[in-house]
Amino acid sequence: MAHTDKPKILVVNDDAGSLLALTSLLDQWADESNYTVHSARSGQEALRQVLLHDFAVILLDVNMPGMDGFETAEAIHQRARSADIPIIFVTAFLADEIDRLKAYQRGAADFLFTPVIPQILHAKVSVFVALAMKNEQLKRQAEKLSQRTTELTATNRRLVREMEERRDAERKSHAKDEFLAMLGHELRNPLSAISSASSLIGLPGANSETVGRAKQIIQRQSQHLSRIVDDLLDLSRAMSGKILLARRPIDLANLVSGCLETFRATGRTAGYRFSVDLAPGWVDGDPTRLEQITSNLLDNAIKYTPSGGNIDIGLLETGDEVVLTVRDTGVGIPPELLPHVFDVFVQGAISIDRSQGGLGIGLSLVRRLVELHGGSVSAQSEGNGSGSTFMIRLPRTEPVSAAPAPQNTLGDNTGKPSVLLIEDNDDGREMMATMLAAHGFPVAQAADGLQGVAAAVANLPAAALVDIGLPGIDGYEVARRLRRDPATSGIRLIALTGYGLAEDQRRVLEAGFDQHLVKPVSMDQLLEALAPASLRAQDAA
């Protein structure tokens, strides 16, 4: 580019009307932004133009006859002279329909969706024009001031790095945009079902069968929402390294068997042929997180395997490793997706089967949790329709002898410990109290921190379930006051909170709590948390 040249913009579109519209818009700002506009009616003509000129940016129509936008972009970037020209694809496709991975592989820097909004066009083009002018200015300085060659080279390097970082940030931004759109979709579906079922229960003419079915829908969809939120929070914690592993030696074979039993009990294995071959395999791991890994792999196999298919689960020790394999005869993984199946938000760009739903973060979470345990995960597939195999490798540890299992007296309806429930959300408190009472627990309630402390002193319960975010005094202060008072210092204190980071757990334990439960809390979790209080109450009796 000669020193007197202005930055050039090339607009490529086979439709004369669209070409005129875009070039006319750009011409309006040409003097103000100090650039010139060139046009081409085909991919071949665009290639001829890039041989004659250097361009700050190319606006390239995706859908053209003959050589389409993707092929044109590939050809432009294959030539050394034009390899680094940024390309903005212009497309009429909606954001979630265009094959963005393919576009990025062909060198896309950005997208414009028609009908084009003039302000957005101006803003995006201005960035590349400004970069081109900056590069040109640096070249002139290098020629005039040769003694500053080293300094200018470093500046150029920094600019190139900034461009690469900006492109990388844009790619990540696109993936997150698509993920957020998908998250909205995944949340709206169960919320819509819950809303409809709630309305149905309230209808005057609803019979008991209809109401029962509506209640099942609400329960099922609430669990689905809870899983989505749990996956999001767990992935966030795992990616930031804030998951605190509670490690202990555990036989992975028993854990996998337990996960399978849970899947069978909830009817999720119906319609599939399972082949299970589990040899003992001891690892040093967090049982909760290992269950999460196993459940996500089983869920993935079921989700992408048609009814009647086979799912094989194997566990064996090999050398210093324990290897868990989950193999299915499902839809398989296309070759272009295989290297990316464990990437965060990969389903936002390309999906195995979008009809199955899901956020595309389950396998990302599996990889991160496996890596936190010092292991590795891999995926294999021959492509569409040929099934897939996922393999987890974890460091092997020495087996330990099993301790006698404690007797869980919660199976009996007598002798249940008294429970104080301190929660400011009226609906949540009422539901939890009702569930506990249905399981035979004597329950007292308090709606804020000060009431809770007073109720604990008055009733002296065996256990207290305490929400952290309370009005008046928060849950931390409630725990500190109860621990300071000799009369209440022996109450088993269980924190209920919406936050599950390691830092939150540390604060809870420092305040004097015995245990930390993250909302939403299932009845099974409550029963397990209250079991020690039940045992103590029986011992005292």
Side-chain angles (χ1 to χ4, degrees), residues 183 187 190-191 194 218 221-240 242-244 246 288 417-437 441 443-485 488-489 491-530 532-533:
L183 174 59
L187 292 176
L191 284 172
I194 290 169
I218 291 172
Q221 295 302 323
S222 298
Q223 289 171 349
H224 180 55
L225 278 175
S226 179
R227 281 198 300 272
I228 290 174
V229 173
D230 284 347
D231 275 356
L232 285 169
L233 292 175
D234 281 337
L235 184 65
S236 172
R237 296 171 196 144
M239 297 304 290
S240 58
K242 291 181 179 176
I243 279 188
L244 198 64
T288 301
S418 57
V419 178
L420 170 61
L421 181 55
I422 309 174
E423 164 68 75
D424 64 311
N425 183 290
D426 294 340
D427 291 342
R429 187 178 68 251
E430 183 184 346
M431 285 298 97
M432 194 173 288
T434 303
M435 285 197 300
L436 288 169
F441 292 90
V443 183
Q445 301 181 40
D448 63 41
L450 291 171
Q451 285 181 29
V453 172
V457 172
N459 299 315
L460 295 179
L465 298 165
V466 187
D467 182 40
I468 293 299
L470 293 169
I473 59 172
D474 64 18
Y476 299 120
E477 182 60 24
V478 169
R480 285 190 283 267
R481 293 189 185 188
L482 294 181
R483 287 292 184 239
R484 280 200 299 267
D485 187 340
T488 57
S489 61
I491 296 173
R492 177 169 177 77
L493 298 180
I494 300 165
L496 304 177
T497 172
Y499 301 95
L501 300 179
E503 174 66 15
D504 303 310
Q505 188 171 357
R506 183 187 62 75
R507 286 190 65 192
V508 160
L509 297 177
E510 283 178 357
F513 283 97
D514 295 293
Q515 195 170 350
H516 173 221
L517 295 180
V518 181
K519 294 179 179 178
V521 182
S522 70
M523 197 61 214
D524 287 343
Q525 286 177 295
L526 281 181
L527 293 177
E528 186 177 342
L530 292 171

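- Contact detail for V508 and A495: the closest heavy-atom pair is CG1-CB, 3.6 Å.
- Residue R481 holds its CZ atom at 4.0 Å from CD1 of I473, rounded to the nearest 0.5 Å.
- For D514 against I491, the heavy-atom pair with the smallest separation is OD2-O, 3.8 Å.
- Atom-to-atom distance recorded for Q445:CD and E423:CD is 10.0 Å, nearest 0.5 angstrom.
- Residue pairs meeting the side-chain hydrogen bond (donor to acceptor under 3.5 Å, both in side chains) criterion with at least one partner in residues 462-472, sequence neighbours excluded, are D467-K519.
- Here the straight-line distance linking atom CG of L482 with atom CZ of R480 works out to 11.5 Å at 0.5 Å rounding.
- A salt bridge between E510 and R483 is absent, with no side-chain N of the basic residue lying under 4.0 Å from a carboxylate O of the acidic one.
- Considering L420, L421, L493 as possible partners of L465, the one that fulfils the side-chain contact (heavy atoms from CB on, under 4.5 Å) test is L421.
- The CG atom of D427 lies 7.5 Å from the CE atom of M431; values are rounded to the nearest 0.5 Å.
- The backbone N or O of A529 lies less than 3.5 Å from a partner atom in the side chain of R492, making a donor-acceptor pair.
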Using distance only, find each side-chain donor-acceptor pair of residues 446-453 under 3.5 Å and give its atom names and separation, not counting sequence neighbours.
| residue | atom | partner | partner atom | Å |
| --- | --- | --- | --- | --- |
| D448 | OD1 | L450 | N | 3.2 |
| D448 | OD1 | Q451 | N | 2.8 |
| D448 | OD2 | Q451 | NE2 | 3.4 |
| Q451 | OE1 | A447 | N | 3.3 |

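- Note that CD1 of I494 is 4.5 Å distant from CG of L530, once rounded to the nearest 0.5 Å.
- At a threshold of 4.5 Å between non-hydrogen side-chain atoms, the residues V419 and L526 do not count as touching.
- More than 12 heavy-atom neighbours from other residues, nucleotides or ligands sit within 6.0 angstrom of CD on Q525.
- L496 has its side chain within reach of M432: a pair of non-hydrogen atoms, C-beta onward, lies under 4.5 Å apart.
- Between A479 and F513, the shortest heavy-atom contact is CB-CE1, 3.5 Å.
- Looking only at distances, no side-chain donor or acceptor of N459 sits under 3.5 Å from a matching main-chain atom of P461.
- For the atom pair H516 NE2 and R507 CZ, the distance stands at 10.5 Å (nearest 0.5 Å).
- Side-chain contact between L436 and M523 is present, with at least one heavy-atom pair separated by less than 4.5 Å.
- Contact detail for A437 and V443: the closest heavy-atom pair is N-CG2, 4.0 Å.
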